[in-house]
Amino acid sequence: MHKYLHLQNELESLIEGIAYQEGDKLPSIRDLSKRYQCSKSTIIRTLEELEKRHLIYSVPKSGFYVVKKQGAVCPTKERIIDLATSAPDPDVFPYVDFQHCINKAIETYKNDLFIYGTAKGLPSLIQVTAKQLAKHQVFANPQSIFITSGVQQALSLLCTIPFPNQKKKILIEQPSYHLFIDYIQAHNLPFAGIKRTAQGIDLDELEHLFRTEDIKFFYTMPRFHSPLGTTYSRLEKQQIVELAEKYDVYIVEDDNMADLEHDSKADPLFSYDRSAHTIYLKSYSKIIFPGLRLGIAVIPDALAEAFTVHKRLQDIDSSMLSQAALEIYLKSGMFERHKQKIRESYQKRSITLNTALVEHAENARGLYTYQPPKYPGIHTHIVLDNRVSVPRLIQQLKKRSILLESADHHYLPDFPRENILKLNVSNAKEEDIPEGVQGLVAVLCKMRL
């Protein structure tokens with residue numbers, strides 16, 4: 001299965017790239033079999049799947065040819081090196097696959113999709129997601145799983161409902177998810193912050209806050225943190241869970257990057273929890289596309305009733321059509337194929353960025369420090385010398401068609417901020433990344449002079 005998926009992704013990348021033009025003939029089945037060292041039946045299966053997805057077409061007794069490419073990039077268009085955008089790369093969106101799933105969903109469920117659903121979500125999708133979660137070491141009873149309109153809806157509901165610990169304040173890592181920070185401010189919710197760096201968080205400070213403050217829940221991104229790109233160690237995860245149990249604080253674990261994980265031994269906080277104090281959140285936006293506003297929330301029994309009531313009052317249900325299409329997408333195997341494709345693509349870009357930042361650090365003459373993560377993700381950051389003006393740096397880079405972004409809006413108001421520049425590879429082409437880092441260093445050195 002792995003060989004088949006890898007081959008399909010390889011050929012698809014070649015077809016969608018510059019290797020083939022409209023109408024080009026693909027190599028013969030025999031040649032492809034030799035090139036990729038696999039059976040002819042595997043090649044035939046792959047070609048048939050690509051033909052179903054309208055990427056190629058067959059001519060009897062002739063072979064397979066490339067279908068006309070839609071939305072091809074104009075060669076005269078200005079080249080932008082985008083190291084700022086954190087949304088998924090539109091070039092890897094599974095448009096054709098998901099269109100098929102939407103059509104199949106309408107055909108399969110018919111009228112069921114166009115009436116009110118349940119606040120918990122489509123029951124058949126919940127069963128499928130329970131199996132998906134188990135792959136991430138989240139063994140959840142389907143009764144505890146809710147389908148939400150993205151992680152943001154789950155967070156807004158958790159801020160609203162009363163918790164069994166009767167506490168009020170939200171503790172959030174600094175820096176952290178900027179839209180959640182905006183939500184907290186807009187609704188005048190009580191909050192506290194705890195500093196997180198490339199080295200993690202101060203667990204003694206965390207315990208102090210848990211013990212002395214009225215902490216309702218601690219919001220954290222243990223894996224591939226945004227915007228830092230860091231991941232907690234196994235020991236840190238265990239200690240955080242133990243402290244939460246000891247001081248009756250709930251943990252809201254935002255695991256939106258779970259599908260990009262390469263380390264099979266990297267388990268979420270949820271897997272260490274034995275006291276039902278961890279609420280697990282996952283999104284499909286980062287791996288499929290942002291417009292698919294569907295997420296998963298695993299809610300402890302003590303919160304389930306209140307969560308159900310408030311979700312029903314907020315939106316009755318999440319899009320039934322999207323839920324049904326996602327169910328088919330997951331069950332069909334399309335998701336696993338796409339996940340492998342995008343994970344490999346992002347990993348190559350992340351490694352390229354990591355290598356470039358390390359190689360150019362010396363040339364930057366101390367103007368930035370960079371600690372390479374053990375497992376690179378799509379996010380990372382550099383800490384700039386305090387004399388460097390980030391707004392001015394970003395402005396100068398933009399003149400070179402290099403887009404970068406400050407981390408300022410990832411901080412709570414009045415919380416002490418590091419002079420951080422965040423970098424993201426999800427919309428940067430692999431071959432452009434070294435040039436982008438080289439341009440960054442050149443501008444930094446020029447600003448110093």
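- Applying the 6.0 Å contact sphere to NE2 of H409 captures more than 12 heavy atoms from other residues, nucleotides or ligands.
- Using a 4.5 Å heavy-atom cutoff, the side chains of F224 and P373 are not in contact.
- The main-chain N or O of M221 is found under 3.5 Å from a side-chain atom of E173 such that the two form a donor-acceptor pair.
- Taking the charged nitrogens against the carboxylate oxygens, R45 and E48 have no contact shorter than 4.0 Å, which rules out a salt bridge.
- At a threshold of 4.0 Å, the pair K282-D255 does not count as salt-bridged, since none of the basic side-chain nitrogens sits closer than that to a carboxylate oxygen.
- The pair K374-D263 does not count as a salt bridge, with every side-chain nitrogen at least 4.0 angstrom from each carboxylate oxygen.
- Side-chain contact between Y368 and V388: absent, with no pair of heavy atoms (C-beta onward) separated by less than 4.5 Å.
- A salt bridge does not link K246 to E242: none of the charged side-chain nitrogens sits closer than 4.0 Å to a carboxylate oxygen.
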| said: Applying side-chain contact (heavy atoms from CB on, under 4.5 Å) to L125 and L330, what does each step give before you reach the verdict? | reply: CA-CA 9 Å; L125 174 60; L330 295 173; 4.1 Å; yes
| request: For I147 and L326, run side-chain contact (heavy atoms from CB on, under 4.5 Å): C-alpha distance rounded to whole Å, both residues' side-chain angles, the deciding distance at 0.1 Å, then the answer. | output: CA-CA 11 Å; I147 306 300; L326 178 60; over 6 Å; no
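- Counting only heavy atoms from C-beta outward, the side chains of Y280 and D273 never approach each other to under 4.5 Å.
- By the neighbour-count criterion of 12 heavy atoms within 6.0 Å, atom CG of N141 is densely surrounded, having more than that number from other residues, nucleotides or ligands.
- E253 is listed as a side-chain neighbour of P222, based on a closest heavy-atom distance under 4.5 Å.
- Side chain of Q323 to main chain of G121: no donor-acceptor pair is present (N/O by atom type, distance under 3.5 Å, no hydrogens or angles).
- The environment of K195 atom NZ is sparse: at most 12 non-hydrogen atoms of other residues, nucleotides or ligands sit within 6.0 angstrom.
- Residues K265 and R234 fail the side-chain proximity criterion, which asks for heavy atoms closer than 4.5 Å.
- In terms of heavy atoms, V241 sits closest to I251 at CA-CD1, 4.0 Å.
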| request: Please step through side-chain hydrogen bond (donor to acceptor under 3.5 Å, both in side chains) for the pair Q199 and Q371, ending with a clear verdict. | output: CA-CA 9 Å; Q199 290 74 39; Q371 180 170 326; 2.4 Å; yes
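- For S283 (side chain) and G295 (main-chain N/O), no donor-acceptor pair under 3.5 Å exists by modelled atom type.
- Annotation: ring-ring contact (aromatic ring centres under 6.0 Å, His included) contacts of F139 (sequence neighbours excluded): none.
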| said: Using side-chain contact (heavy atoms from CB on, under 4.5 Å), reason through L440 and I382 one step at a time and then give a plain yes or no. | reply: CA-CA 11 Å; L440 164 63; I382 57 175; 3.9 Å; yes
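- More than 12 heavy atoms of other residues, nucleotides or ligands shown are found within 6.0 angstrom of CD on Q185.
- No donor-acceptor pair closer than 3.5 Å links the side chain of R196 to the backbone N or O of L228.
- For K331, the NZ atom is loosely surrounded, since the number of other residues' heavy atoms within 6.0 Å does not exceed 12.
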| query | Is there a ring pair (Phe, Tyr, Trp, His ring centres under 6.0 Å) between F335 and Y284 once you walk through the steps? | reply | CA-CA 10 Å; F335 175 71; Y284 287 99; 5.7 Å; yes
| Going through the checks in order, is the side-chain hydrogen bond (donor to acceptor under 3.5 Å, both in side chains) test met by Y183 and Q152? | CA-CA 9 Å; Y183 182 89; Q152 284 172 259; over 6 Å; no
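- Nearest approach of L209 to G193, heavy atoms of both residues: CD1-O, 4.2 Å.
- One side chain, S124 or Y109, offers a donor N or O that lies under 3.5 Å from an acceptor on the other.
- For H410 (side chain) and S176 (main-chain N/O), a donor-acceptor pair under 3.5 Å exists by modelled atom type.
- The backbone N or O of I81 sits nowhere less than 3.5 Å from a side-chain atom of D432 that would complete a donor-acceptor pair.
- The environment of K104 atom NZ is sparse: at most 12 non-hydrogen atoms of other residues, nucleotides or ligands sit within 6.0 angstrom.
- In this pair, Y250 and F163 present their aromatic rings perpendicular. The plane angle is above 60°, beyond the 30 to 60° band.
- Distance alone, capped at 3.5 Å, places no donor-acceptor pair between the K422 side chain and the A84 backbone.
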| task | Show your reasoning for whether side-chain contact (heavy atoms from CB on, under 4.5 Å) applies to Q137 and F270. | result | CA-CA 8 Å; Q137 299 303 303; F270 186 92; over 6 Å; no
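- Here the side chain of S426 pairs no donor or acceptor atom with the backbone of Y346 at under 3.5 angstrom.
- Using a 4.5 Å cut-off on side-chain heavy atoms (C-beta onward), F218 and L243 make no contact.
- A salt bridge links E213 to K169: at least one charged side-chain nitrogen sits closer than 4.0 Å to a carboxylate oxygen.
- At least one donor-acceptor pair closer than 3.5 Å links the side chain of R349 to the backbone N or O of A428.
- For H310, the ring-ring contact (aromatic ring centres under 6.0 Å, His included) criterion is met by no residue, not counting sequence neighbours.
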